[in-house]
Amino acid sequence: MAELVFFSGTMDCGKSTLALQMDHNNSARGRQGLIFTKLDRMGESVLSSRLGLSTPAIEVSDHLDFWDTVVERLTQGARVDYLICDEAQFYTPEQVEQLARLVDELGIDVHAFGITADFRTELFAGSRRLIELADRVQLLQVEALCWCGRKATHNARIVDGVMVVEGEQVVVGDTASASVGLVEYEVLCRRHYMRRMNSHAARAAALSPDTLPFDLDVCAVPPQPPSRA
Ligand SMILES: Nc1ncnc2c1ncn2[C@@H]1O[C@H](COP(=O)(O)OP(=O)(O)O)[C@@H](O)[C@H]1O
Ligand SMILES: Cc1cn([C@H]2C[C@H](O)[C@@H](COP(=O)(O)O)O2)c(=O)[nH]c1=O
């Protein structure tokens with residue numbers, strides 16, 4: 001029985017890697033699939049993982065109709081057994097409905113991958129619709145960790161080293177650390193998200209002589225990011 005599955009987790013927890021693995025495993029067994037993504041960090045029409053693997057993909061614009069795209073392929077004689085849909089948080093609710101229809105009416109498996117919430121903790125429209133419609137929402141097994149060592153549950157946006165909670169919902173970026181003047185992201189546990197305490201702020205607080213030792217978490221010096229030289 002075909003399924004619509006939403007594989008979800010924070011940024012940097014391995015969603016794109018799993019998307020590539022699922023495509024590999026399916027195609028190795030002779031199944032035919034189509035790979036979609038939207039606004040991948042590496043550029044247009046590519047699905048990339050931080051582990052270094054990437055594959056060509058169909059770029060999803062707001063105007064792309066999944067139903068029409070797949071039906072056109074089938075009409076041309078192609079087989080379509082499954083879809084891999086990365087960065088699905090950026091899809092429109094209508095596109096998610098088209099994916100559900102492909103599962104129900106054409107028996108095509110849809111594996112969607114994405115983060116649920118933005119840097120303000122608000123659901124992305126595509127993720128909301130996926131949670132509403134998916135047969136299953138599956139959290140990834142590999143957990144990304146907050147700088148304090150707890151499981152990371154939130155995606156924080158960092159601008160010039162400072163965590164922000166206002167701004168455009170969509171700004172493509174990476175979780176790379178230690179760059180200044182860039183929009184970047186850091187995954188945090190809820191406690192440190194709520195305190196606006198990203199690793200940079202925690203390091204500064206731990207080193208400041210003015211900081212009262214009111215909380216061991218805050219006073220712990222977060223590990224330095226690895227040098228990228
Ligand atoms: N150098 C590395 N060695 C081993 N694993 C790595 C390395 N760099 C990244 N990873 C793994 O890749 C994951 C990020 O993979 P990716 O598929 O790009 O994440 P997502 O799509 O969820 O943002 C990290 O959580 C980590 O497990
Ligand atoms: C939290 C958040 C993220 N984004 C962007 C940043 C990245 O380009 C993607 C997530 O990609 P990943 O493969 O899961 O790392 O989403 C955004 O635009 N707005 C946000 O609030």
Side-chain angles (χ1 to χ4, degrees), residues 5-25 35-55 57 59-62 84-92 95-96 111-128 130-131 137-147 149-159 162-179 182-190 192-194 196 198-199 223-229:
V5 184
F6 182 33
F7 295 90
S8 196
T10 59
M11 288 179 69
D12 211 8
C13 72
K15 300 178 300 298
S16 300
T17 305
L18 181 63
L20 288 161
Q21 289 172 316
M22 293 198 70
D23 177 56
H24 174 83
N25 289 353
I35 304 178
F36 295 88
T37 193
K38 183 170 183 179
L39 300 174
D40 187 283
R41 286 179 307 277
M42 276 216 0
E44 205 173 307
S45 305
V46 64
L47 187 168
S48 71
S49 138
R50 290 182 182 81
L51 275 180
L53 289 174
S54 63
T55 189
E59 185 73 19
V60 177
S61 71
D62 282 351
I84 300 286
C85 297
D86 201 19
E87 306 292 355
Q89 71 272 8
F90 296 141
Y91 299 3
T92 65
Q95 287 172 329
V96 173
H111 311 294
F113 302 81
I115 54 178
T116 50
D118 67 16
F119 70 108
R120 304 163 301 183
T121 73
E122 288 175 22
L123 291 176
F124 283 95
S127 308
R128 176 190 294 276
L130 275 161
I131 292 166
V137 177
Q138 197 160 316
L139 295 183
L140 263 70
Q141 276 186 345
V142 179
E143 294 171 347
L145 300 179
C146 179
W147 60 264
R150 285 195 191 86
K151 174 178 156 56
T153 46
H154 290 70
N155 304 300
R157 180 178 290 170
I158 316 294
V159 180
V162 178
M163 182 177 157
V164 297
V165 290
E166 283 175 12
E168 290 292 309
Q169 184 179 51
V170 178
V171 178
V172 173
D174 207 348
T175 46
S177 50
S179 46
L182 289 177
V183 173
E184 54 195 14
Y185 293 91
E186 180 174 351
V187 293
L188 298 176
C189 64
R190 187 187 59 237
H192 288 124
Y193 178 89
M194 292 302 194
R196 314 283 184 254
N198 62 315
S199 57
Q224 294 288 330
S227 151
R228 286 167 190 265

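The model shown is predicted, which means the values in this text are computed figures rather than measured ones. Start at 1 and go down the list; that is how both ligands and their atoms are numbered.
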According to the interplanar angle, ranging from 0 to 90°, do the rings of F124 and F90 count as parallel (below 30°), tilted (30 to 60°) or perpendicular (above 60°)?
-> perpendicular
Does the protein put any heavy atom within less than 4.0 Å of atom 1 (N) of ligand 1?
-> no
In terms of side-chain heavy atoms, does T92 have a donor or acceptor partner in D62 at a distance below 3.5 Å?
-> no
Strictly by modelled atom types, are S199 and E186 linked by a side-chain donor-acceptor pair under 3.5 Å?
-> yes
Heavy atoms, side chains only, cut-off 4.5 Å: are F113 and M22 in contact?
-> yes
To which of E143, R41, M11, R50 does the heavy atom nearest atom 23 (O) of ligand 1 belong?
-> R50
Taking only residues two or more places apart in sequence or in another chain, which ones pass side-chain contact (heavy atoms from CB on, under 4.5 Å) with R196?
-> M163, V165, Y193
Residues in the immediate environment of ligand 2 (any heavy atom closer than 4.0 angstrom) = M11, D12, K15, R41, R50, E87, Q89, F90, I115, D118, F119, F124, N155, R157, Q169, V170, V171, V172, G173, Y185
Report the nearest protein non-hydrogen atom to atom 27 (O) of ligand 1: residue, atom name, distance rounded to 0.1 Å.
-> V142 CG1, 4.1 Å
re atom 25 (O) of ligand 1, the protein heavy-atom contact at minimum distance is D12 O, 2.3 Å
Sub-4.0 Å heavy-atom contact, A144 with ligand 1 | no
Should the pair D12-R50 be classified as a salt bridge under the 4.0 Å nitrogen-to-oxygen rule?
-> yes
Please round to the nearest 0.5 Å and tell me the distance separating atom OG1 of T17 and atom CG of D86.
-> 9.5 Å
Roughly how far, to the nearest 0.5 Å, is OG of S49 from CE of M42?
-> 10.0 Å
Donor-acceptor pair, K151 side chain versus C146 backbone, under 3.5 Å?
-> no
Look only at the side chain of Q95 and the backbone of S61, and say whether a donor-acceptor pair between them is shorter than 3.5 Å.
-> yes
How does L51 reach ligand 1, by side chain, by backbone, by both or by neither, if only non-hydrogen atoms under 4.0 Å count?
-> side chain
Would you check whether G14 has a nitrogen or oxygen atom less than 3.5 angstrom from a nitrogen or oxygen atom of ligand 1?
-> yes
Could you list which atoms of ligand 1 come closer than 4.0 Å to a heavy atom of K15?
-> 17 (O), 19 (O), 20 (P), 21 (O), 22 (O), 23 (O)
Identify, by atom number and element, the atoms of ligand 1 in contact range of T17, meaning under 4.0 Å from any of its heavy atoms.
-> 15 (O), 16 (P), 17 (O)
